[in-house]
Amino acid sequence: MFPLVRYFSLTSLIVFVLAFIVIFFGMSRNALNIIIGLREESNIALTRVYADTILNDYGEFIATAENMSAEEIMASDEFLALDADLRQLTQGSNIIKIKIYALNGLTIYSSEFDQIGEYKTDNSGFQAGLIGDVASELTYKDTFNAFEGNIEDIDIVESYVPLQSATTGEINGVIELYDDVTNLLSFVNQRIALAGTALATLFITLYAILYFIVRYAQKIMSQQRHQIEKHVGEIALANTNLQIANAQAKEATRLKSEFLSTMSHELRTPLNAIIGYSGIITSGIAGDVDERAQGMVKRIQDSGQHLLMLINNVLDISKIEAGRLTIVKDKTDIHELVASVEEQLQVLADEKSLTLNVDVSSAVPTYLMIDSERVKQIIINLLSNAIKFTEEGTVSLTVDWKDHRLDIDVSDTGIGIPAHSLDYIFDEFRQVDGSSTRTTGGTGLGLAIVRKFTEAMDGQVSVRSTLNQGTTFNVVIDAQALDILQIEPQTT
Ligand code: ADP
């Protein structure tokens with residue numbers, strides 16, 4: 001059995017049993033009180049009737065008998081006459097015995113003669129009668145000595161009623177009436193038993209209905225609990241799988257970066273030899289080379305340079321992904337840095353007959369604490385892209401100083417970038433034209449490097465572009481300005 005049903009069964013059973021006991025016994029008590037009340041009223045009425053006869057005919061006897069002995073009382077004529085009268089008066093009624101007490105509590109009359117002469121002075125019923133009240137109680141007797149002789153198994157309502165004069169209101173004694181309520185009580189008890197059975201049936205039905213409702217509710221709850229437990233289990237499993245997949249992905253990324261890093265390093269060594277030696281050959285230091293061979297070696301050198309740039313990019317990206325990117329800030333003459341970049345890229349701009357405008361605002365402090373290598377690479381990547389994707393017009397680089405931040409703008413009058421591509425051009429290996437027929441070279445790593453470097457320097461990069469009109473990249477990075485006279489800059 002589920003706990004809810006068990007708890008319900010126990011508590012509701014207790015509640016129902018208690019309710020039944022309270023209602024049933026309350027009902028019985030009430031019924032008995034009604035019987036006593038009714039019989040008491042009838043006894044009072046009867047006493048009024050008897051009082052007239054008794055006080056008229058035997059008033060004097062009652063007054064004097066209180067000082068007489070039992071034998072004297074029973075020997076008197078009045079006593080026998082009173083006994084006869086009372087027997088006649090009560091004939092056909094429920095009254096089966098009468099006792100009369102004098103004001104001092106002496107029993108001066110009882111249909112059970114043995115009791116004459118007994119004192120009832122301390123009896124509470126007698127005392128109530130003495131002050132004009134009526135006291136009644138219901139009792140059961142195995143055997144009872146009545147007018148008619150002994151009666152077995154009998155229920156009686158005993159009432160102490162003041163023996164009061166109807167005219168003067170004076171109390172002359174107390175009369176005790178014994179009222180046989182056996183039949184009435186058994187009738188009432190039958191009715192109470194019937195009502196009790198009806199009540200019990202009602203409670204049992206109610207209990208059964210509630211029990212089934214609770215059981216049904218319990219069943220639904222249990223189904224829901226199982227479902228929830230199942231879902232929680234599934235979620236936990238999915239979560240574990242996710243964690244495993246995540247760990248595997250991280251490990252794969254780390255291995256990939258490690259591999260790329262090692263490979264790049266291994267590739268750079270022979271490549272540097274190729275570039276270096278081809279440089280020596282084209283410079284003529286190693287001896288004369290004919291023009292045709294010179295052209296070929298020059299192409300080897302250019303291709304080597306290009307390959308080195310690609311490898312450097314891959315190396316940078318793999319370093320970033322492996323979490324090995326560290327920003328090293330040093331005192332940098334930003335004007336000098338820009339001039340060197342301009343010199344480097346002027347050649348490319350000239351090759352395409354583009355105008356390269358470079359403007360460093362006078363607001364830019366001469367010396368800044370920045371990672372010069374990274375800043376330089378950011379500018380180079382943006383400028384070389386601008387030149388690469390512009391066929392005619394101008395490519396501009398402006399450097400400004402705003403709110404203690406270095407503000408770099410690189411704009412061109414080139415092909416522009418479609419709005420939908422702006423979302424992904426900063427992702428690794430993503431290009432607007434990723435097809436094999438594209439005319440421009442590149443790996444799709446330049447902008448990814450720009451973004452990673454910028455973010456590593458707590459900066460932001462943004463882009464605005466209009467198709468076929470041009471593009472502007474903006475990079476803002478925090479930089480600490482250094483006074484020219486400041487001797488040792490703080491390195492972070
Ligand atoms: P790539 O090596 O292809 O240049 P980048 O990461 O530097 O890789 O750039 C990603 C892509 O963004 C480029 O392939 C190009 O489609 C687009 N792009 C970058 N800069 C410009 C620009 N100035 N004008 C037009 N398109 C650009």
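These numbers come from a predicted model, not from an experiment. Numbering of ligands and ligand atoms starts at 1, following listing order.
The shortest N or O to N or O distance between F389 and ligand 1 is not under 3.5 Å. Between G446 and ligand 1, at least one pair of N/O atoms sits closer than 3.5 Å. Inclusion of A448 in the set of residues having an N or O under 3.5 Å from an N or O of ligand 1 is not warranted.
When each atom of ligand 1 is checked for a heavy atom of A386 under 4.0 Å away, the hits are 23 (N). Taking every non-hydrogen atom of I425 and a distance limit under 4.0 Å, the qualifying atoms of ligand 1 come out as 10 (C), 12 (O). For ligand 1 and F473, the ligand atoms under 4.0 Å from any heavy atom of the residue are 20 (N), 23 (N).
Heavy atoms of G444 approach ligand 1 to within less than 4.0 angstrom. In this structure, K388 is part of the shell of residues with a heavy atom less than 4.0 angstrom from ligand 1. Using a 4.0 angstrom heavy-atom cutoff, G416 counts as in contact with ligand 1.
Atom CD of E392 has 12 or fewer heavy atoms from other residues, nucleotides or ligands within 6.0 Å. Heavy atoms from other residues, nucleotides or ligands lying under 6.0 Å from CD of E343 number 12 at most. Within a 6.0 Å sphere centred on CD of E291, heavy atoms belonging to other residues, nucleotides or ligands number 12 at most.
D316 has no carboxylate O lying under 4.0 Å from a charged side-chain N of K452, or vice versa, which leaves the two without a salt bridge. The pair K329-D371 does not meet the salt-bridge criterion, since no charged nitrogen lies less than 4.0 angstrom from a carboxylate oxygen.
When the heavy atoms of T413, L310, I417 are ranked by distance to atom 26 (N) of ligand 1, first place goes to I417.
Between P162 and T47 the shortest heavy-atom distance is O-CG2, 4.1 Å.
Using a 4.0 Å cut-off between heavy atoms, T471 contacts ligand 1 through its side chain alone, with no backbone atom that close. Residue-level proximity to ligand 1 for L445 is carried by the backbone, the only part with a heavy atom below 4.0 angstrom. Of the heavy atoms in F426, none comes closer than 4.0 Å to ligand 1.
Annotation: side chain of F16 is in contact with side chain of L206 (closest heavy-atom distance under 4.5 Å). Annotation: side chain of V157 is in contact with side chain of S159 (closest heavy-atom distance under 4.5 Å).
Taking the six-membered ring where the residue is Trp, Y211 and F8 present tilted rings, their angle falling between 30° and 60°.
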